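As the structure lists them, so they are numbered: ligands from 1, and atoms in each ligand from 1. All values reported here derive from a predicted model rather than from experimental measurement.
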Amino acid sequence: MEIARQKLAESPSARFDAEILLAHVLESSRSFLYANPELELTHKRAEQFKKLVKRRALGQPVAYLTGSSEFWSLPLRVTPAVLIPRPETERLVETALERIPPEADWRIADLGTGSGAIALAIASERQKCEIHATDISPAAIDIARDNARQLGLGHIHFHCGSWGEPLQGKFHLVLSNPPYIDADDPHLRQGDLRFEPETALTPGPDGLDAIRQISQFAGSVLLEGGWLMLEHGWEQGTQCRETLASAGFVEIRTLRDLQGHERVTLGEKD
Ligand SMILES: C[S@@+](CC[C@H](N)C(=O)[O-])C[C@H]1O[C@@H](n2cnc3c(N)ncnc32)[C@H](O)[C@@H]1O
């Protein structure tokens, strides 16, 4: 374990990473490691652990190495075909749940679903809602569908296509955590982002492009009094509010994440 920690020294979470990888190799949990500090690894498992540590030391995200991530306390399968769900996105889920009554049978769209994180979190809390989730990536849709099956959440309809294109009918709520980083942002070439799908991170040269398209679509399919809720970059609050206003939304406001950054903007269909 000490050698693993040294190899991972460049990672800000070296000890945590090493423990997660070791627990993964042992098919157990981190608490199992603490309860069994004298445990000896078999040769096969030691080799498997060394390989994972080497890949982590090269920068590969821990979630891709273990093939799993947690969101809204739900265990999700992830591969390099999908974005690793972020804790900030739970703010979007909380905001949605504050407005969806517990027994509501709303029609809800999650655009750019990736691993299915947002759609699955809402589905796990609101059994009577009809949830539609889209993604441009067929590989992402396969993973999201698989996650829904594993979690026994059957009331989600998955569609492959661009934003709302594959959907029909009116909706009470449209949600999205779209790609919002400018294509020339140097952060895309740093840390975990280097390994995540480019289409999940950037819509192209203008980071607001997807936000504009989704706002236009939502304006045309939301029922009167329905809501659009979008996650965005911490410096995009003002532009996002302007985009929603020019798409005809009212009651527009932006909420902050736990770091105090503007993160979720919502608006009501007039
Ligand atoms: C930032 S990721 C969010 C994934 C997931 N919703 C989450 O929060 O973890 C953006 C997602 O949008 C998808 N995407 C990009 N362009 C799209 C488009 N034109 N239509 C639908 N989905 C798109 C990407 O494939 C990716 O899964």
Give the intermediate values and the outcome of side-chain hydrogen bond (donor to acceptor under 3.5 Å, both in side chains) for residues Thr265 and Arg253.
CA-CA 6 Å; Thr265 291; Arg253 75 199 77 152; over 6 Å; no

Starting from atom 2 (S) of ligand 1, what is the nearest protein heavy atom, named by residue and atom, and what distance separates them?
Ala200 O, 3.4 Å

Show the atoms of ligand 1 that are less than 4.0 angstrom away from any heavy atom in Pro85.
9 (O)

Might you point out which heavy atoms bring Arg189 and Asp184 nearest each other, and give the distance in Å?
NH2-O, 3.6 Å

To check your reading of the model: name the closest protein heavy atom to atom 3 (C) of ligand 1, its residue, and the distance in Å.
Asn177 O, 3.2 Å

Numbered atoms of ligand 1 (with element) below 4.0 Å of Thr199, judged on heavy atoms
15 (C), 24 (C)

Nearest-0.5 Å distance that lies between atom CG in Leu173 and atom CZ in Arg126
11.0 Å

Could you say whether the N/O atoms of Asp135 and ligand 1 ever approach to under 3.5 Å?
yes

Should Val174 and Met229 be regarded as members of a common hydrophobic cluster, given that ILVMFWY residues are connected when their side-chain heavy atoms come within less than 4.5 Å of each other, either directly or indirectly?
no

Test of understanding: given a 4.0 Å heavy-atom threshold, classify the contact between Ala140 and ligand 1 as side chain, backbone, both, or neither.
neither

Near Gly112 (heavy-atom distance under 4.0 Å), the atoms of ligand 1 are 3 (C), 4 (C), 5 (C), 6 (N), 11 (C), 12 (O), 13 (C), 22 (N)

Interatomic spacing from CZ in Phe158 to CG in Asp135 - rounded to 0.5 Å:
10.5 Å

In this structure, atom 19 (N) of ligand 1 is nearest to the protein heavy atom Ser162 OG, 3.0 Å

After noting the C-alpha distance and the side-chain angles of Trp227 and Glu251, does the key distance pass the side-chain hydrogen bond (donor to acceptor under 3.5 Å, both in side chains) rule?
CA-CA 10 Å; Trp227 288 90; Glu251 299 291 330; over 6 Å; no

Where is the nearest protein heavy atom to atom 5 (C) of ligand 1: which residue, which atom, and how far?
Thr113 O, 3.3 Å

Among all protein non-hydrogen atoms, which one is nearest to atom 20 (N) of ligand 1, and what is the separation to 0.1 Å?
Trp163 N, 2.8 Å

What's the shortest distance from atom 22 (N) of ligand 1 to any protein heavy atom, and which residue and atom give it?
Ile136 N, 3.2 Å

Would you please determine whether Gly161 falls within less than 4.0 Å of ligand 1 on a heavy-atom basis?
yes

Is it true that a side-chain atom of Ser162 and a backbone atom of Glu165 form a donor plus acceptor pair closer than 3.5 Å?
no

Heteroatom proximity flag, Asp110 to ligand 1, N/O under 3.5 Å
no

Within-shell test, Ile118 vs ligand 1, heavy atom, strictly < 4.0 Å:
yes

Pairwise distance CG(Leu244) to CZ(Arg212) - rounded to 0.5 angstrom:
12.0 Å

Within one Ile-Leu-Val-Met-Phe-Trp-Tyr cluster: Ile84 and Val93, side-chain cutoff 4.5 Å:
no

Is it true that the side chains of Thr254 and Glu262 contain a donor and an acceptor less than 3.5 Å apart?
no

Can Thr89 be said to touch ligand 1, with heavy atoms closer than 4.0 Å?
yes

